K.L.:
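Have a look at this one.
The structure presented is a predicted model; accordingly, all values stated were derived computationally and were not measured. The analysis underlying the following values was restricted to heavy atoms, covering all of them including side chains, and did not include hydrogens, waters or symmetry mates.
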Amino acid sequence: MGGLFQGIAWWILPTRVVLTAAIVLALVIAVSYGFELFSKITGFGRYDFMDAVASVIGGVLGMALVLIARLSILNL
């Protein structure tokens, strides 16, 4: 999820590395915790805060892979 969001942000704002990383991080956190809240409110699935934490960690790792590629291409 983080890699996909970071790739889209790279396409939309190719020169704003820090801004897009901050926006994508906020989106990853919102989607990860939002999914857990959806599970809690609707009763579909099982609410677990640590699942949201694990999703954020995975999203950050995906973001890091795209950021490494992006910075190597931009030579920053």
K.L.:
Report whether L25 and L61 are members of the same hydrophobic cluster (ILVMFWY, side-chain heavy atoms less than 4.5 Å apart, transitive linking).
P.N.:
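The answer is no; the residues belong to distinct hydrophobic clusters.
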K.L.:
Could you state the interatomic distance from OG1 (T20) to CD1 (I8), rounded to the nearest 0.5 Å?
P.N.:
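T20 atom OG1 to I8 atom CD1 measures 12.0 Å (nearest 0.5 Å).
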K.L.:
Between R16 (side chain) and A9 (backbone), is there a donor-acceptor pair under 3.5 Å?
P.N.:
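Not a single qualifying donor-acceptor pair exists.
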K.L.:
Can you hop from V66 to L4 via hydrophobic side chains spaced under 4.5 Å?
P.N.:
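They do not share one cluster, since no chain of ILVMFWY contacts under 4.5 Å joins V66 to L4.
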K.L.:
Hydrophobic clustering (ILVMFWY, side-chain heavy atoms < 4.5 Å, transitive) - are I12 and V28 grouped together?
P.N.:
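Both belong to a single hydrophobic cluster.
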K.L.:
How many angstroms lie between CD in E36 and CD1 in I41, if you round to the nearest 0.5 Å?
P.N.:
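Spacing of CD (E36) from CD1 (I41) equals 11.5 Å.
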K.L.:
Ignoring hydrogens and angles, write down the donor-acceptor pairs under 3.5 Å from the side chains of residues 47-59, residues two or more places apart or on other chains.
P.N.:
| residue | atom | partner | partner atom | Å |
| --- | --- | --- | --- | --- |
| Y47 | OH | Y33 | OH | 3.1 |
| D48 | OD1 | M50 | N | 3.4 |
| S55 | OG | D51 | O | 3.0 |

K.L.:
Please answer: with hydrophobic residues joined when any side-chain heavy atoms are less than 4.5 Å apart, are W11 and F5 in the same cluster?
P.N.:
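Yes.
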K.L.:
Answer with yes or no whether the hydrophobic clustering places L71 together with L65; edges join I, L, V, M, F, W, Y residues whose side-chain heavy atoms lie under 4.5 Å apart.
P.N.:
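Different hydrophobic clusters.
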K.L.:
Taking I29's backbone N and O only, do any of them form a donor-acceptor pair with S32's side chain (distance below 3.5 Å, no angle check)?
P.N.:
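No, the answer is negative, given that no donor and acceptor are paired below the 3.5 Å cut-off.
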K.L.:
Work out which heavy atom in V31 is nearest to a heavy atom in M1; give both atom names and the distance.
P.N.:
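Looks like CG1-SD, 3.4 Å.
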